[in-house]
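Computed over heavy atoms, backbone and side chain alike; hydrogens, waters and symmetry mates excluded. For this chain, numbers begin at 1 and follow the sequence in order. All values reported here derive from a predicted model rather than from experimental measurement.
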Amino acid sequence: MNLRTLAAQTLAPLLQHRGSLSATLPTSLYTCVPRDRALLQQLCYGTMRFEPRLALIAEHLLQKPFRDKDADLQALVLLGLYQLDQTRIADHAAISETVDATEDLNKNWARGLVNAVLRRFQRERDSIMETLGDNPRLQYNHPDWMIGKLQQNWPDHWPQIMLANDQPAPMTLRLNTRLSTREAYLEQLYIAGIEATPGAFAETAIYLNQACDVTELPGFAEGLVSVQDEAAQLSAPLLDLKPGQRVLDACAAPGGKLCHLLEHEPGLGSVEAVELDSRRAERIQQNLQRLKLNCTVTLGDASSEKWWDGQSYDRILIDAPCSATGVIRRHPDIKYLRRNEDLKRLADLQLSILRNCWHMLSPGGKLLYATCSVFPQENERLLARFIKAQPDALHLPIEADWGHARPLGRQLFPQQDGHDGFYYAVLEKPAN
């Protein structure tokens, strides 16, 4: 099958708001011949990374939008424009391969249309860029609502946030310090021919200069390292874990932070991980098994107490479902799939989880609230709403050399060649 055909079939469901790259791409990669997998991934991720810009160009070149049933052709046009606008693929190869894909899609009638659109962009690129040059979607390559909200919320930071969002994220490892030191593992990587540098903020973080298959990492199968962004590795130290404590991870999948806290304090009394989705709960079990860690994994809704046995917890981690706007680098389709109206729905869910878990916290206990969002509506403003209605919730300022101190919690923004965007806040329930 033509590789562009496979890429268009991978992206078409997303353009119909059905699924995500994380859901559609793995099947396509399995179908693809091994030598073409890297290019397929580049085409799919790259097209969605630059979708706001590419869609604006396509709207300018097309007389009318594609019908819903022709989402595969819409994807094909975006794929073609991505190759011409953002890659070093030869123009003639990009155009011919993309146009030929119309036959695989059984839409020969569109061959002339796709060819005309791509060749016009090839000929008139400079004039098209000049015509569209004042449009924010072309300048900043984000949807209009996101540009406006970032400018409003972060007047001093929004250009850097959007610039970082458009760069592929580095591959970052979390070292299991129960098994090795960072210096020793960096030496192992060097011997294996893998260039790496230590993280700046998390003592367990290691950045690879170039991504590789996990099977190439020394000791991966034995649980020596895991793949996890540096910002996410800050959670375990913030929980102030002590031996014998009873701990809850309320939204645990896929289990990265859960496994880290088990590695960070092996003497915990008991740890329970709650996850709503059975398939995602299975990923938790797989991670625990590889790392040879133990905890109770419970299927349940963190906004409900139906799963709870009534025994309170000394520490609670809420890595809340969110807009994921801090990890756009890793999931560029978020730009297309997320809508402004989603934020209120997500904030309502986050608040219900926070309220539900709070009464499970022991007096004297601590709760860590976290999201991978950069929007205050899901973070500090949500904490302010909660504290106003919850008189026994005490905010503990986080003293750290990372992120930006906020009235409540600390906000990290995505960094080029560094960590993702993240938010953390620590709350304590007074002992008396």
Backbone of [Y] reached by a side-chain donor or acceptor of [X] within 3.5 Å:
X	Y	result
Q377	L382	no
R283	P254	no
S304	D301	no
D342	S323	no
D333	L21	yes
N153	K149	yes
S373	F375	yes
N287	G256	no
H395	G409	yes
W158	G148	no

**Item:** Side-chain H-bond candidate by donor/acceptor type, Q411 with E380, under 3.5 Å
**Value:**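 No, no side-chain donor-acceptor contact under 3.5 Å.
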**Asked** Does a donor on one side chain and an acceptor on the other come within less than 3.5 Å for T371 and N379?
**Response**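 T371 vs N379: donor-acceptor pair found between side chains.
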Quick one: side chains of residues 74-85, donor-acceptor pairs under 3.5 Å with protein atoms, not counting sequence neighbours, listed by atom name and distance.
from: Q83; atom 1: OE1; to: R4; atom 2: NE; distance (Å): 3.1
from: Q83; atom 1: OE1; to: R4; atom 2: NH2; distance (Å): 2.8
from: Q83; atom 1: NE2; to: L79; atom 2: O; distance (Å): 3.1
from: Q83; atom 1: NE2; to: T98; atom 2: OG1; distance (Å): 3.1
from: D85; atom 1: OD1; to: R53; atom 2: NH2; distance (Å): 3.2
from: D85; atom 1: OD1; to: R125; atom 2: NH1; distance (Å): 3.4
from: D85; atom 1: OD1; to: R125; atom 2: NH2; distance (Å): 3.0
from: D85; atom 1: OD2; to: R53; atom 2: NE; distance (Å): 2.6
from: D85; atom 1: OD2; to: R53; atom 2: NH2; distance (Å): 3.4

**Prompt:** Below 6.0 angstrom between ring centroids: does that apply to H17 and Y336?
**Reply:**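 Ring centroids of H17 and Y336 are less than 6.0 Å from each other.
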**Request:** Using salt bridge (charged side-chain N to carboxylate O under 4.0 Å, His left out) as the criterion, list what pairs up with E275, not counting sequence neighbours.
**Result:**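 So E275 forms a salt bridge (charged side-chain N to carboxylate O under 4.0 Å, His left out) with R280.
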Mind jotting down which residue pairs meet the side chain to side chain donor-acceptor pair (under 3.5 Å) criterion with at least one end in [range]? Sequence neighbours excluded, please.
range	value
residues 55-64	E59-R137
residues 224-238	R174-S226, R174-Q228, T204-Q233, Y207-E230, S226-R290, D229-R330
residues 178-196	E195-N209

Reported [atom1]-to-[atom2] distance for the pair [X] and [Y], which is rounded to 0.5 angstrom:
X	Y	atom1	atom2	answer
R385	L408	CZ	CG	13.0 Å
L239	K257	CG	NZ	11.0 Å
N141	L56	CG	CG	10.0 Å
M146	R339	CE	CZ	9.0 Å
N176	E222	CG	CD	12.0 Å
I284	D277	CD1	CG	9.5 Å

Does atom [atom1] ([X]) have a neighbourhood of more than 12 heavy atoms from anything else shown, all under 6.0 Å?
X	atom1	answer
D417	CG	no
Q285	CD	yes
Q416	CD	yes
E341	CD	yes
E203	CD	no
N108	CG	yes

Sequence neighbours excluded, which residues qualify as side-chain hydrogen bond (donor to acceptor under 3.5 Å, both in side chains) partners of [X]?
X	result
D213	T215
Q390	D392
H142	N165
K344	D348

**Prompt:** Do any pairs count as a salt bridge (Lys or Arg N to Asp or Glu O under 4.0 Å) and have a residue in residues 104-115, sequence neighbours left out, and if so which ones?
**Reply:**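 Counting only pairs at least two positions apart or across chains, the salt bridge (Lys or Arg N to Asp or Glu O under 4.0 Å) contacts touching residues 104-115 are D70-K107, D72-K107, D100-R111.
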Contact summary for [X] and [Y], nearest pair of heavy atoms:
X	Y	value
I128	R120	CD1-O, 4.3 Å
T10	S28	OG1-OG, 2.6 Å
W402	R410	O-NE, 2.8 Å
P321	I353	CD-CD1, 3.7 Å
A393	W358	CA-CZ2, 3.5 Å
C295	L262	CB-CD1, 4.2 Å

Can you tell if the side chain of [X] reaches within under 4.5 Å of the side chain of [Y], non-hydrogen atoms only?
X	Y	answer
I95	F121	no
L427	K366	no
L367	I318	yes
L217	I194	yes
T172	I206	no

**Item:** Lys/Arg N to Asp/Glu carboxylate O, D166 vs K335, below 4.0 Å
**Value:**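 Salt bridge: yes.
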**Request:** Would you sort out whether R315 and D240 count as a salt bridge (Lys or Arg N to Asp or Glu O under 4.0 Å), showing the intermediate values?
**Result:** CA-CA 8 Å; R315 296 289 185 268; D240 186 27; 3.4 Å; yes
**Message:** Below 30° counts as parallel, above 60° as perpendicular, anything between as tilted: where do the rings of F413 and W154 land?
**Reply:**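 Plane angle over 60°, so perpendicular.
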**Item:** All side chain to side chain contact (heavy atoms under 4.5 Å, CB included) counterparts of D249, not counting sequence neighbours
**Value:**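 Side chain to side chain contact (heavy atoms under 4.5 Å, CB included) list for D249, sorted by chain: A252, L258, L317.
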**Request:** Would you check, one step at a time, whether the test salt bridge (Lys or Arg N to Asp or Glu O under 4.0 Å) holds for D91 with R119?
**Result:** CA-CA 9 Å; D91 286 2; R119 292 200 178 278; over 6 Å; no
Indicate every side-chain donor-acceptor pair of residues 39-49 with a distance under 3.5 Å to a residue at least two apart or in another chain.
from: T47; atom 1: OG1; to: L43; atom 2: O; distance (Å): 2.6
from: R49; atom 1: NH1; to: R329; atom 2: O; distance (Å): 3.1
from: R49; atom 1: NH2; to: R329; atom 2: O; distance (Å): 3.2

